[in-house]
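Working notes, beginning with the structure itself.
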There are 2 protein chains.
Amino acid sequence: MPDQTQNAFRALADPTRRDIMRLLSANALTIAEVSAHFDMTRAAVKKHLTVLNDGGLITVEARGRERINQINPLGLAPVLSWLEFFDHFWDDRLADLKTAIEKDIQ
Amino acid sequence: MPDQTQNAFRALADPTRRDIMRLLSANALTIAEVSAHFDMTRAAVKKHLTVLNDGGLITVEARGRERINQINPLGLAPVLSWLEFFDHFWDDRLADLKTAIEKDIQ
DNA sequence: GCAACGTGATACTTTTTGGTATCACGATAA
DNA sequence: TTATCGTGATACCAAAAAGTATCACGTTGC
């Protein structure tokens with residue numbers, strides 16, 4: 001796992017994978033359970049889970065013949081770290097940004 | 001510009017585009033000036049700038065025959081907003097996350 | 001043991017993306 | 001005007017990504 005920042009950003013670039021992150025934030029799920037929420041094959045969902053795993057955003061735990069996928073919030077650290085870089089440049093604008101977030105939809 | 005969240009995340013998925021963001025954080029630059037920092041053609045850089053513009057992360061201002069590309073920090077709002085979602089689920093872990101950021105490389 | 005189930009992995013197709021090459025066009029400067 | 005410069009736009013190519021279909025394998029339960 002060389003470039004965790006790149007893998008994490010890449011993992012978050014796909015809307016399906018971001019939806020999976022939200023799903024897993026509520027409960028850890030097996031691949032089949034995750035697949036049930038999307039209109040695509042289990043194999044496709046599995047691929048997305050692999051990308052998320054490569055990005056360090058989820059961890060996978062084997063339980064019998066099932067694989068429990070669960071969120072790893074620390075995986076977001078490289079992303080937040082990168083964004084943090086811009087805080088130093090616009091501390092003032094960041095305040096506006098934070099308030100803008102409050103009224104942001106989705 | 002329907003899905004700004006998607007466009008912003010997609011724009012940040014490429015390492016060259018993230019580097020461009022850092023570049024522009026110091027100074028607003030023309031396309032040619034940005035291109036000088038990368039080992040690729042001006043046309044390729046222009047494409048990246050278009051993607052960044054679509055993502056709302058930069059703004060472009062015409063000045064004579066030049067186009068000044070400058071950062072739009074508010075474009076990061078949808079990204080931060082999405083990440084904010086996870087704060088509600090792990091307020092405690094977020095503290096660890098913030099401290100982890102401090103010692104993060106790159 | 002045996003059948004059903006969840007998963008891993010591979011091969012394959014289609015679409016998107018990153019990149020180059022090229023040309024046309026407005027702005028600049030002599 | 002004329003030549004040059006920065007850019008926009010298009011066509012094109014190669015590689016990566018998203019998705020499907022399929023099969024093999026270990027686990028579960030009878």
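We name chains A, B, ... by the order of the sequence lines, and we start the count at 1 in each one.
Proximity of a side-chain donor or acceptor of A:E33 to a complementary backbone N or O of A:T30 within less than 3.5 Å is detected. Between the side chain of A:N27 and the main chain of A:L29, no donor-acceptor pair closer than 3.5 Å is present. With B:N72 contributing its side chain and B:L57 its backbone, the two residues share no donor-acceptor pair below 3.5 Å.
Of all nucleotides in DNA chain C, those with any atom nearer than 4.0 Å to a heavy atom of chain B start and finish, going 5' to 3', at C:dT17 to C:dT28.
Across all strands shown, A:A32 has heavy atoms under 4.0 Å from sugar-phosphate atoms exclusively, and none from any base.
Comparing the end axes of the helix from C:dG1-D:dC30 to C:dA30-D:dT1, each fitted to five base pairs by superposing C1' atoms of four pairs onto the next four, gives an inter-axis angle of 30° (nearest 10 degrees).
Distance, B:R42 CZ to D:dC5 C1': 10 Å, rounded to whole Å. Following rounding to the nearest Å, B:I31 (CD1) and D:dT7 (C1') show an atom-to-atom distance of 6 Å.
Taking the side chain to side chain contact (heavy atoms under 4.5 Å, CB included) definition, one finds that B:R42 meets it with B:I31, B:S35, sequence neighbours left out. For A:V79, the side chain to side chain contact (heavy atoms under 4.5 Å, CB included) partners are A:A8, A:F9, A:L12, A:L83, B:L83, not counting sequence neighbours. By the side chain to side chain donor-acceptor pair (under 3.5 Å) test, B:T50 pairs with B:K46, sequence neighbours left out. The side chain to side chain donor-acceptor pair (under 3.5 Å) check on B:E66 picks up nothing, with sequence neighbours excluded. Listed by chain and number, the residues in a side chain to side chain contact (heavy atoms under 4.5 Å, CB included) with A:A44 are A:M40, A:T41 (sequence neighbours excluded). Every side chain to side chain contact (heavy atoms under 4.5 Å, CB included) that B:A28 has, sequence neighbours left out, goes to B:I68, B:Q70. For A:K47, the side chain to side chain donor-acceptor pair (under 3.5 Å) test picks out no residue, with sequence neighbours left out.
Note on residues 25-50 of chain B: no pairs pass ring pair (Phe, Tyr, Trp, His ring centres under 6.0 Å), not counting sequence neighbours.
Residues B:L49 and B:I58 approach most closely at O-CD1, 3.5 Å, considering heavy atoms. Between B:V60 and B:R67, the shortest heavy-atom distance links the atoms CG1-CB, 3.8 Å.
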Show each protein N/O and nucleotides 10-17 of chain D N/O combination with a separation under 3.5 Å, one pair to a line.
from	atom 1	to	atom 2	distance (Å)
D:dA17	OP1	A:R10	NH1	3.3

Under-3.5 Å N/O pairs linking protein and nucleotides 26-28 of chain D:
from	atom 1	to	atom 2	distance (Å)
D:dT27	O2	A:R65	NH1	3.0

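For A:N69 and B:A44, each mapped to the nucleotide of DNA chain C holding its nearest heavy atom, the one lying further toward the 5' end belongs to A:N69. Between B:E66 and A:V51, it is B:E66 whose nearest contact on DNA chain D lies nearer the 5' terminus.
Proximity of B:T30 to the phosphate of D:dG6: no side-chain N or O atom is located under 4.0 Å from OP1 or OP2.
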